[in-house]
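Worksheet: the structure to be examined is printed underneath.
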Amino acid sequence: MRAGRARPLRAADMKKDVRILLVGEPRVGKTSLIMSLVSEEFPEEVPPRAEEITIPADVTPERVPTHIVDYSEAEQSDEQLHQEISQANVICIVYAVNNKHSIDKVTSRWIPLINERTDKDSRLPLILVGNKSDLVEYSSMETILPIMNQYTEIETCVECSAKNLKNISELFYYAQKAVLHPTGPLYCPEEKEMKPACIKALTRIFKISDQDNDGTLNDAELNFFQRICFNTPLAPQALEDVKNVVRKHISDGVADSGLTLKGFLFLHTLFIQRGRHETTWTVLRRFGYDDDLDLTPEYLFPLLKIPPDCTTELNHHAYLFLQSTFDKHDLDRDCALSPDELKDLFKVFPYIPWGPDVNNTVCTNERGWITYQGFLSQWTLTTYLDVQRCLEYLGYLGYSILTEQESQASAITVTRDKKIDLQKKQTQRNVFRCNVIGMKNCGKSGVLQALLGRNLMRQKKIRDDHKSYYAINTVYVYGQEKYLLLHDISESEFLTEAEIICDVVCLVYDVSNPKSFEYCARIFKQHFMDSRIPCLIIAAKSDLHEVKQDYSISPADFCRKHKMPPPQAFTCNTADAPSKDIFVKLTTMAMYPEDHYRNRLSRDMGNTDRIENLRKIWVFLKTAFHARLRCMCTCNRCTFCICQNFLNSDLLQSVKNKIFTAVLNRLRARVAEWGAMLLADDEGSITHQVHAVSSVEDSIFMASSHDPLFLEARHVTQADLKSSTFWLRASFGATVFAVLGFAMYKALLKQR
């Protein structure tokens, strides 16, 4: 899901409209100013009060609808005046430059009246308007400047003439600009420097733009910054001119031909002091800030629709961005982020998002520093569990700006409904959730930490207050890299609905605790026995002495009864990293839940009864030419499909029944001799073939349960089934039968 190219955020995106109120003493020319603006000529007759004027958005420079409201003391009450003040975005206090009384009223009446009706922390911007400048040959600015210095809410002062149309358009432009690009949040006139909130926001913008993290903005980074903010690059000479201005005023504003943070802040201070607030505001709004210099909810939390039964994952573009972010802050190039490097990365955040538990959730190096793989895993975990938080974090890092996307939502892939995956018997997901369930102290934490490659010795060093209930790492299944997310479910009598939702369940019991398995069996029967969520039972702490479980049947019999894989012995008390075999099995079961629901077990899960062993032989017959390829196609053209169709044909079934008795009798006559030869020469290869058979799925076994060959094979004596020589004979016989069958098939094709 890719969005279009991002555009700079204009002031119009922040304000729906601007409301300008004109107040002042009677006969100073308020109404004349409005009528001169509208008609572009001085009116011969001026009414006591002008009606509200609305200027369309396409006429104004900032593309914002503007409402101009007049006030008449003769026609309006004080209550109406107070209401108009509360509705206004900016107020123009009009005085006559030739009337000192009207100038005095600016400070004695109008400014106090307006401030009484507004909060101290959110003063309305004020514009002082000196009208009738055509009647005098001097300026009133000497009188007005002390007033402007006294009241910081005054944005500017404009002298104009309604009669000569002097500065009329400029007056309303400055009023509009005072709303859309206010000075108050950016600059403190008394201190003559930017406010801390503005410095903090611009510092974040600088760090995001410094893509190589060398502390300066080089020409390429400055050009990129200029292009994404103003849609136009700077010419080389213009870049040099900017640097020269900075060099002229501060000594450390430019370093190694790059603009430093001090130089960057100085430039914006200069823009504000020269009345070019819109330049700084354009930059701030492009990076997601509102009028209060807070990141807007629209920027941090873009709309992302997630249907039920769907999950969220990072896509390829997001992983590339995170890779570049990791490389940017991995200054020592050791493929791990030290505490200082991680702290530097989070400087663009308003808070530290990761706690000490993250180090026990993902992979770290020997020093406990998050590795590159651990870094990506943590982002994958956040995306899966709380996608809104992931969008927020990506917003702090400037994802949409640096990748030039509409929003962070373009970094997220919403997977399709899990029901569709089950119907199609394949999944496009890359993250699978496994809930780890068991009694307290049964070894669940050990299972989680083993996924991260930590043995018992390393686990003992983990502080209790730094423990995590999650662990995530990559697992390879059939050559594909997938993420396995383990969630430690706390012991309780009943699981909540949220604790049941997952892709696979890992039931853990302690082999040294006789009461441990009963909890697993009870939870399985309560929540998972009738569900299609595959389950695997882990016999944890297998290095300890195994005791009999206080349950009606043994764990192995329980698994056999419910058509589950047998209990998997597991221990993390190893010299090196614990085995990851169970994690591969869990991920495989999560990827193919239907297969495991039907009891299609992999070869390492073994079976002890004779029916299962006979199944292996029959599966070998049907997949002799394709077992290693793991072909799941139905193309009817490959070797596997041709053999499969042939073995299922009516022709072969009739021929098989006729020749089977003769072949079997002959094999029995010479089985001793062949057994000896096989033991000497082919023991290794045949054993490998038999084991390869066990990884083939159960559906063929289910289809063959009514076959004559299968029924006759069931009559083999129990003594022969326990004999290793018997299995060598049977395997060899199966091989011969497959070769004969395929040879007959080719002969029949030639006859046709």
Side-chain angles (χ1 to χ4, degrees), residues 11 14-31 33-34 37 48-55 64-96 99 101-131 143-158 171-190 195 197 277 281 290-294:
M14 309 299 294
K15 293 282 186 182
K16 292 183 178 180
D17 52 20
V18 173
R19 191 175 182 87
I20 303 172
L21 174 64
L22 274 68
V23 299
E25 295 300 298
R27 306 189 65 80
V28 293
K30 302 185 296 295
T31 306
L33 288 170
I34 296 174
L37 174 70
R49 177 174 176 263
E51 295 295 327
E52 180 178 322
I53 303 297
T54 299
I55 303 176
V64 179
T66 302
H67 309 278
I68 302 175
V69 181
D70 190 11
Y71 166 70
S72 173
E73 188 173 341
E75 294 192 356
Q76 292 176 285
S77 64
D78 289 346
E79 184 179 346
Q80 289 175 310
L81 173 61
H82 298 161
Q83 184 177 0
E84 290 291 354
I85 291 174
S86 65
Q87 294 176 348
N89 299 122
V90 57
I91 297 178
C92 296
I93 304 176
V94 184
Y95 64 91
N99 186 339
H101 173 73
S102 66
I103 297 176
D104 293 338
K105 284 291 184 178
V106 170
T107 54
S108 63
R109 178 188 180 188
W110 292 109
I111 293 179
L113 175 65
I114 293 169
N115 287 343
E116 286 175 5
R117 301 294 164 182
T118 57
D119 295 332
K120 184 177 181 181
D121 296 331
S122 58
R123 298 287 195 199
L124 282 174
L126 305 178
I127 306 291
L128 300 185
V129 181
N131 193 21
T143 307
I144 295 300
L145 279 175
I147 300 175
M148 293 180 64
N149 292 332
Q150 181 181 355
Y151 296 97
T152 58
E153 55 267 35
I154 299 176
E155 291 285 330
T156 188
C157 177
V158 181
L171 157 64
F172 292 102
Y173 168 72
Y174 284 126
Q176 189 184 63
K177 182 179 174 182
V179 177
L180 302 178
H181 311 298
T183 308
L186 306 181
Y187 190 74
C188 181
E190 294 88 350
K195 291 185 175 180
H277 316 94
W281 274 115
D290 60 13
D291 288 350
D292 299 320
L293 296 183
D294 294 322

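Values below: every heavy atom of this structure, side chains too, minus hydrogens, waters and symmetry copies.
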- Query: Which atom names give the shortest non-hydrogen contact between Ile127 and Ala178, and what distance separates them?
  - Reply: CD1-CB, 4.1 Å
- Query: Counting only heavy atoms not in Tyr187, do more than 12 fall under 6.0 Å of its OH?
  - Reply: yes
- Trace of the salt bridge (charged side-chain N to carboxylate O under 4.0 Å, His left out) decision for Glu52 with Arg19: CA-CA 10 Å; Glu52 180 178 322; Arg19 191 175 182 87; 3.3 Å; yes
- Item | Side-chain (Asn89) to main-chain (Val179) donor-acceptor, under 3.5 angstrom | no
- Message: Val69 vs Ile53, test: side-chain contact (heavy atoms from CB on, under 4.5 Å). Steps then yes/no.
- Response: CA-CA 7 Å; Val69 181; Ile53 303 297; over 6 Å; no
- Query: What residue pairs, at least two apart or across chains, pass salt bridge (charged side-chain N to carboxylate O under 4.0 Å, His left out) with a residue in residues 67-82?
  - Reply: Glu73-Arg109
- Residues Ile34 and Ala50: closest non-hydrogen pair is CG2-CB, 4.3 Å
- Show the numbers, then the answer: is there a side-chain contact (heavy atoms from CB on, under 4.5 Å) between Ile114 and Ile93? CA-CA 10 Å; Ile114 293 169; Ile93 304 176; 3.9 Å; yes
- Task: Show your reasoning for whether side-chain contact (heavy atoms from CB on, under 4.5 Å) applies to Leu37 and Phe172.
- Result: CA-CA 9 Å; Leu37 174 70; Phe172 292 102; 3.3 Å; yes
- Task: Report yes if the side chains of Thr152 and Ile154 come closer than 4.5 Å at any heavy-atom pair, otherwise no.
- Result: no
- Query: Measuring from Ser108:OG to Ile103:CD1, what's the distance to the nearest 0.5 Å?
  - Reply: 11.5 Å
- Message: Using side-chain heavy atoms (C-beta onward) and a distance below 4.5 Å, is Leu171 in contact with Cys92?
- Response: yes
- Task: Given side-chain contact (heavy atoms from CB on, under 4.5 Å), test Val106 with Asp104 step by step and report yes or no.
- Result: CA-CA 5 Å; Val106 170; Asp104 293 338; over 6 Å; no
- Query: Would you say the side chain of Leu21 lies within less than 4.5 Å of the side chain of Ile68, judging by non-hydrogen atoms?
  - Reply: no
- Gln87 side chain to Glu84 main-chain N or O, any donor-acceptor pair under 3.5 Å? no
- Rounded distance [0.5 Å steps], CD in Glu116 versus CD1 in Ile111: 12.5 Å
- Message: If we ignore hydrogens and angles and just use 3.5 Å, is the side chain of Trp281 paired with the main-chain N or O of Leu180 as donor and acceptor?
- Response: no
- Item | Min side-chain heavy-atom separation Val94-Leu33 under 4.5 Å | yes
- Donor-acceptor under 3.5 Å (Ser102 side chain, Ala96 main chain): yes
- Message: Looking at Tyr95, is its backbone amide N or carbonyl O close enough to the side chain of Lys105 to form a donor-acceptor pair, meaning the two atoms are under 3.5 Å apart?
- Response: no
- Item | Gap separating the CD1 atom of Ile55 from the NE2 atom of His67, nearest 0.5 angstrom | 10.0 Å
- Message: Quick test of your reading: applying salt bridge (charged side-chain N to carboxylate O under 4.0 Å, His left out), list the pairs with at least one residue in residues 148-157, sequence neighbours left out, ordered by first then second residue.
- Response: none
- Task: Ignoring hydrogens and angles, tell me if any N or O in the side chain of Lys30 forms a donor-acceptor pair with the backbone of Glu25 under 3.5 Å.
- Result: yes
- Backbone of Asp294 reached by a side-chain donor or acceptor of Asp292 within 3.5 Å: no
- Using atom types as modelled and distance alone, determine if a side-chain donor or acceptor of Thr183 lies under 3.5 Å from a backbone N or O of His181. no
- Task: Hey, could you give me the CD1/SG distance between Ile147 and Cys157, rounded to the nearest 0.5 Å?
- Result: 8.5 Å
- Task: With the side chain counted from C-beta on, respond yes when Leu293 and Lys195 share a heavy-atom pair under 4.5 Å apart, and no when they do not.
- Result: no
- So, do Ile85 and Ile91 sit near enough that their side-chain heavy atoms are less than 4.5 Å apart? yes
- Message: Are the side chains of Gln176 and Thr66 in contact, using a 4.5 Å heavy-atom criterion?
- Response: yes
- Item | From CD1 (Ile20) to OH (Tyr174), nearest 0.5 Å | 14.0 Å
- Note on the structure: When rounded to the nearest 0.5 Å, the distance separating CG of Leu126 from CG of Leu128 is 7.0 Å
